[in-house]
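Sequential numbering from 1 along the given sequence is applied to the chain's residues. Owing to the predicted nature of the structure, the values given are computational and were not obtained by experimental measurement.
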Amino acid sequence: MPNDRSLAHVLAEIGAQFPEFAEDPALAESLTANITSMIADAHARYAAGTDGSVVSNAYLDPEHLATGALHAEHAQHPAGAMLAAEMLFDAYVPVFVDEVGAVTTAEVIRATRALHAGIWSRFPAGAVAYTEALRQRVTTAHLDSRTQIARDLHDRVAHGILAGLQRLDLVLLTDPPAAERAEQLDAASRLLRSALGDVQDLAVSLHARVGDALLDDALARHAKDLFRDDERLTVHSTGTPARLPVWQAEEALTILLEALTNRAKHAPGSTATVDFAWGARALVLTVSDDGPGFAPEDHADGRLGQQTMRERAAVIGASLDVVSAPGAGTTVLLTIPRGTL
């Protein structure tokens with residue numbers, strides 16, 4: 001069985017390397033249970049005389065799949081688990097050799113292989129579960145985005161076109177006096193131009209890309225195109241900007257533009273600020289406005305696109321918080337841990 005003192009030492013080292021494990025009870029409990037199980041499995045392999053350490057083709061244990069899903073839920077990349085496993089293997093090899101009483105070179109080799117197999121056997125299932133969880137999040141985010149686009153086309157664009165056509169039909173059917181005709185035609189023109197503007201804005205949003213630019217520069221550029229002549233919107237950046245992986249930068253840009261689009265829809269005329277805080281441990285992005293705000297409980301169904309933003313944030317290992325209250329404006333906070341940059 002595992003040596004309690006040595007196990008506690010290994011857990012302390014891993015906890016120092018990954019503070020989130022110590023801070024999150026679910027992760028801490030999972031880590032302790034997994035390490036204990038790994039070492040127990042290694043003991044069983046050695047006692048059974050099992051030779052060899054290739055286990056990646058083994059059965060995907062449901063418990064290991066659950067661990068991978070838990071890590072995905074808490075945005076723990078498999079690379080972190082691999083580093084923790086290396087730390088465990090490096091620290092526990094001499095302890096394990098002593099525990100099983102290995103003396104000869106052959107016994108030491110078999111003990112080392114048993115410990116390696118006991119640790120590594122968790123990774124195939126964990127990686128599969130983590131990947132599947134991310135695929136599900138990406139799918140959900142894309143489906144939510146399509147739903148949002150359909151809603152915008154129906155509620156804004158189609159409504160504007162229909163209202164404009166009704167004004168035109170009214171003129172054709174009633175043949176009003178010249179002054180009223182001009183007024184009705186002008187109103188129809190405004191409605192149709194507004195609908196055209198909505199389509200153009202939607203196209204700009206869908207085609208927004210970071211490309212080779214830094215995220216803050218890309219956002220400033222696209223915000224200028226999407227929210228033309230909006231002098232109440234500013235973008236600030238502090239710290240030392242760094243390039244994000246393309247897949248992270250593009251998702252982050254989409255989240256930020258969604259937050260700004262929500263502000264344009266629900267808090268038009270408000271003063272808004274986008275702050276980029278490039279820190280040593282995380283990139284913190286804040287979108288805030290002084291609009292009317294809202295009661296969070298009134299939007300539990302995600303009508304403001306919050307669910308889509310949260311799904312996209314989870315895909316890039318980030319967290320998203322929305323803070324608002326009636327009369328107090330709205331703040332969207334996106335935090336991307338430095339370890340994922």
TODO: Group every Ile, Leu, Val, Met, Phe, Trp and Tyr by side-chain heavy-atom contacts under 4.5 Å, then state whether Met87 and Met38 land in the same group.
DONE: yes
Looking at [atom1] of [X] and [atom2] of [Y], how far apart are the two atoms once the value is rounded to the nearest 0.5 Å?
{"X": "Asp225", "Y": "His222", "atom1": "CG", "atom2": "NE2", "value": "7.5 Å"}
{"X": "Leu256", "Y": "Thr286", "atom1": "CG", "atom2": "OG1", "value": "9.5 Å"}
{"X": "Gln166", "Y": "Leu173", "atom1": "CD", "atom2": "CG", "value": "11.5 Å"}
{"X": "Arg281", "Y": "Thr335", "atom1": "CZ", "atom2": "OG1", "value": "12.0 Å"}
{"X": "Glu231", "Y": "Leu233", "atom1": "CD", "atom2": "CG", "value": "11.0 Å"}

Open item on the list: My understanding is that only residues two or more places apart in sequence, or in another chain, count here; which of them pass side chain to side chain donor-acceptor pair (under 3.5 Å) with Thr174?
Closed with: none
Open item on the list: Going by side chain to side chain donor-acceptor pair (under 3.5 Å), name the residues that satisfy it together with Asp290, two or more places apart in sequence or in a different chain.
Closed with: none
Task: Mutual orientation of the aromatic rings belonging to Phe96 and Tyr92 [parallel < 30°, tilted 30-60°, perpendicular > 60°] - done: tilted
Counting only N and O atoms by type, is there a donor-acceptor contact under 3.5 Å from the side chain of [X] to the main-chain atoms of [Y]?
{"X": "Arg310", "Y": "Leu320", "answer": "yes"}
{"X": "Gln184", "Y": "Arg167", "answer": "no"}
{"X": "Ser194", "Y": "Arg190", "answer": "no"}
{"X": "Ser324", "Y": "Gly293", "answer": "no"}
{"X": "Glu180", "Y": "Pro177", "answer": "no"}
{"X": "Thr254", "Y": "Glu250", "answer": "yes"}

- [ ] Have a look at Leu88 and tell me which of Ile35, Leu115, Val93 forms a side-chain contact (heavy atoms from CB on, under 4.5 Å) with it.
- [x] Ile35
Please list, one pair per line, the donor and acceptor atoms closer than 3.5 Å that link side chains of residues 211-221 to other protein atoms, with sequence neighbours excluded.
{"from": "Asp216", "atom 1": "OD2", "to": "Ser237", "atom 2": "OG", "distance (Å)": "2.9"}
{"from": "Arg221", "atom 1": "NH2", "to": "Arg209", "atom 2": "O", "distance (Å)": "3.2"}

Open item on the list: Suppose we screen for salt bridge (charged side-chain N to carboxylate O under 4.0 Å, His left out). Which residues come up paired with Asp229, at least two apart in sequence or across chains?
Closed with: none
Task: Test salt bridge (charged side-chain N to carboxylate O under 4.0 Å, His left out) applied to Glu311 - qualifying residues, sequence neighbours left out - done: none
Open item on the list: When you compare the side chains of Thr331 and Ser288, does any donor N or O come within less than 3.5 Å of an acceptor on the partner?
Closed with: no
TODO: Among Ile, Leu, Val, Met, Phe, Trp and Tyr joined by side-chain contacts under 4.5 Å, find the other residues sharing a cluster with Val284 and list them by chain and number.
DONE: Leu333
